[in-house]
Amino acid sequence: MAWNQPFTVCTLFIYNLLWGLALFDMIHSIVFPLLRRYPSKDLSREAVQLFWVEGHFQITKTDLLHSYIGWGLGLLLARMLLTPLLNAGVYYSLKHTELNAGYRFVQGIRKLALPFFGYYLAQMTLQLGPLYWLIPKAAQLYSKQSTLYGAAQEILPWLGAYLVYMFVLQTLFTYLQFGKISGKSPLFSMMLLLRNVLPVFLLGILVMLIGLLITAAVMTSTMIWAGFLALLGFQAYRFIHMFCKMWELTTQYALWSAKSE
């Protein structure tokens with residue numbers, strides 16, 4: 001079914017490409033001036049220490065960070081507003097394949113923007129909520145260990161559990177949004193997910209592993225073939241990554257359609 005959604009795949013690719021460029025431009029504007037001012041190897045160790053002291057002073061005693069924080073929050077807010085709108089268009093396109101690709105995408109945004117924004121807000125709240133407890137817990141575990149290896153042994157199980165939690169949460173909200181576009185209640189969607197939990201999660205894990213293999217292959221190739229070929233490969237990867245995400249969504253929707261009839 002992902003092959004039948006070229007407009008959606010291209011839209012998501014362009015959106016993520018523009019987002020990446022905006023984020024790169026912001027980071028470049030911060031890091032590049034610092035690198036130009038960093039003391040060369042010919043200068044003494046005191047010059048390097050002076051560089052860090054000056055940087056610390058500018059961060060703590062001036063308003064240097066205010067504009068960067070403003071840009072960062074602006075980009076974050078824009079992403080939080082645009083993501084549920086795009087989700088509405090994507091999910092509506094899955095349901096109404098008989099309509100023109102661009103038309104159904106826009107119609108999805110018009111008809112489902114508010115409920116999908118509510119789903120997105122609830123999902124982000126549930127995803128970020130555990131970090132309020134998890135980050136202090138990780139800091140406490142790290143402070144009790146004398147080596148990085150020992151700290152990793154203590155923290156990684158908690159991190160793994162949090163990643164599993166995020167995967168389950170993502171799957172749950174995917175099925176809730178399937179229910180929304182199909183006119184089903186949230187209770188119906190959750191019960192359907194519980195009745196078919198094994199094939200749903202196995203399908204999600206399989207597609208995720210394929211995506212990870214593609215990512216590893218692309219990252220390896222960029223290390224081997226640096227330069228323009230690496231740039232082309234990375235951009236192709238971004239497109240393939242969007243296709244894999246769409247493939248995962250369409251396979252889950254096919255399972256939903258088969259089980260909800």
Side-chain angles (χ1 to χ4, degrees), residues 2 5-38 55 58-59 62-93 101-102 105-106 108-110 112-114 116-129 131 135 163 166 169-170 173-174 177 208 211-212 214-219 221-223 225-249:
Q5 303 288 341
F7 179 85
T8 302
V9 173
C10 291
T11 301
L12 293 177
F13 169 72
I14 293 171
Y15 166 67
N16 282 276
L17 178 63
L18 293 177
W19 168 258
L21 290 175
L23 193 61
F24 173 81
D25 185 65
M26 187 187 73
I27 295 174
H28 182 269
S29 66
I30 299 172
V31 174
F32 189 68
L34 292 175
L35 292 178
R36 286 192 301 179
R37 296 183 62 252
Y38 190 81
Q58 289 183 335
I59 291 174
T62 69
D63 58 354
L64 177 67
L65 288 181
H66 292 178
S67 60
Y68 299 135
I69 293 174
W71 271 106
L73 291 176
L75 287 174
L76 180 62
L77 179 61
R79 188 171 180 86
M80 291 181 68
L81 291 174
L82 289 173
T83 298
L85 297 181
L86 292 173
N87 286 342
V90 169
Y91 279 78
Y92 192 85
S93 296
F105 192 88
V106 175
I109 294 175
R110 291 178 57 187
L112 299 173
L114 286 179
F116 271 62
F117 184 79
Y119 281 127
Y120 182 77
L121 189 61
Q123 184 178 352
M124 288 298 102
T125 302
L126 292 173
Q127 280 186 355
L128 299 178
L131 294 179
I135 292 176
L163 292 176
M166 288 185 64
L169 200 63
Q170 176 65 39
F173 275 90
T174 296
Q177 289 170 115
M208 182 176 63
L212 290 175
I214 295 173
T215 301
V218 172
M219 293 298 104
S221 65
T222 56
M223 295 178 186
W225 298 305
F228 185 67
L229 287 177
L231 179 62
L232 288 179
F234 185 73
Q235 296 308 318
Y237 157 72
R238 294 173 70 95
F239 185 83
I240 295 171
H241 178 65
M242 287 302 104
F243 179 82
C244 288
K245 289 183 68 175
M246 198 64 199
W247 179 35
E248 179 182 7
L249 192 61

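Since the model is a prediction, treat every value here as computed from it, not as a measurement.
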Could you state the interatomic distance from [atom1] ([X]) to [atom2] ([Y]), rounded to the nearest 0.5 Å?
X	Y	atom1	atom2	answer
Met208	Gln170	CE	CD	11.5 Å
Met246	Leu12	CE	CG	7.0 Å
Leu128	Met166	CG	CE	8.0 Å

Can you see which heavy atom on [X] is nearest to which on [Y], and at what distance?
X	Y	value
Phe105	Val90	CE1-N, 3.7 Å
Leu169	Gln123	CD2-O, 3.9 Å
Met80	Phe117	O-CE1, 4.0 Å
Tyr91	Leu249	OH-CD1, 3.4 Å
Ala88	Gly108	CB-O, 3.5 Å

Is there a side-chain contact (heavy atoms from CB on, under 4.5 Å) between Leu126 and Phe173 once you walk through the steps?
CA-CA 11 Å; Leu126 292 173; Phe173 275 90; 3.9 Å; yes

For the CG atom on Leu114, are there more than 12 heavy atoms of other groups (residues, nucleotides or ligands in this structure) within a distance under 6.0 Å?
no

Counting only heavy atoms not in Arg110, do more than 12 fall under 6.0 Å of its CZ?
no

Are any non-hydrogen side-chain atoms of [X] and [Y] less than 4.5 angstrom apart?
X	Y	value
Gln177	Tyr120	no
Tyr92	Ile109	no
Asn16	Met242	yes
Tyr119	Asn87	no

